[in-house]
Amino acid sequence: MKNKSIIKKITNVVIYVITGIIAICSAVIIYSNIKGSIGFIGNYTFMWVKTESMEPSIPRRSYILVKKADKRAVEKIKVDDIIVFRSDDPTLGGALNTHRVASIIGKNEEFVTRGDNNMRVDEVTAKAENVVGIYKR
């Protein structure tokens with residue numbers, strides 16, 4: 001009888017913890033979508049991919065896990081990595097963009113990017129200081 005009571009209490013605690021984690025992650029996702037900003041939990045966040053530019057690698061309207069990109073992480077970015085950056089492209093108005101690195105300019109100072117589903121590279125490069133995250137598969 002005592003063992004069942006302990007197991008029930010442990011189960012309840014686990015359920016509360018999982019529910020709390022789901023609530024925090026959901027709040028971060030909703031906040032990020034509303035504000036157009038990124039809310040990291042520690043060094044990670046979930047982001048919503050709005051377009052089909054990265055299909056088939058990342059389907060349109062899917063959530064991806066992104067690791068925060070500090071200066072050290074940006075220095076380690078290599079060709080074929082998928083990065084999230086604030087675009088300087090005037091047609092995107094500073095929106096976040098998730099594209100693959102096609103080539104690197106300088107010592108990771110700028111990145112030529114391209115969506116997997118796009119025919120050519122982006123016209124505007126992604127500057128290192130605008131990289132906010134790296135996609136984690």
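Each residue takes its place number in the sequence, starting with 1.
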If hydrophobic clusters are built by linking Ile, Leu, Val, Met, Phe, Trp and Tyr wherever their side-chain heavy atoms come under 4.5 Å apart, do Y44 and W48 end up in the same one? yes

Could you check if a side-chain atom of T113 sits within less than 4.5 angstrom of a side-chain atom of T125, using non-hydrogen atoms only? no

On a heavy-atom basis, which atom in V124 and which in P90 lie closest, and how many Å separate them? CG2-CD, 4.5 Å

Can you list the other members of the hydrophobic cluster that holds V101, where links are side-chain heavy atoms under 4.5 angstrom apart? V74, I77, V79, I83, F85, I104, F111, V131, I134

Flag, side chain of N117 to backbone of E52, donor-acceptor distance under 3.5 Å: yes

Test D122 against V112 for side-chain contact (heavy atoms from CB on, under 4.5 Å), laying out the working first. CA-CA 7 Å; D122 299 333; V112 176; over 6 Å; no

Can you find a heavy atom in the side chain of I82 that is under 4.5 Å from one in the side chain of R137? yes

With a 4.5 Å limit on heavy-atom distance, are the side chains of M47 and L96 in contact? yes

Can a donor-acceptor pair be found, under 3.5 Å and without considering hydrogens, that links the side chain of E55 to the backbone of R60? yes

Any donor and acceptor pair, going by atom type alone, linking the side chain of N118 with main-chain N or O of R120 inside 3.5 Å? no

In short, P59 meets S62 closest at the heavy-atom pair O-OG, 2.6 Å

Measure the CD-CG distance between E110 and D88 for me, rounded to the nearest 0.5 Å. 9.0 Å

Rounded to the nearest 0.5 Å, what separation is found between the CZ atom of R114 and the NE2 atom of H99? 9.0 Å

Under a plain distance cut-off of 3.5 Å, with no hydrogens placed, do D89 and T91 share a side-chain donor-acceptor pair? yes

Check whether T19 reaches the backbone of I15 with its side chain - one donor and one acceptor, N or O, closer than 3.5 Å. yes

Please assess V49 against I64 for the test side-chain contact (heavy atoms from CB on, under 4.5 Å), listing each intermediate value before the final yes or no. CA-CA 7 Å; V49 178; I64 59 172; 3.9 Å; yes

Residues forming a salt bridge (charged side-chain N to carboxylate O under 4.0 Å, His left out) with R100, sequence neighbours excluded: D116

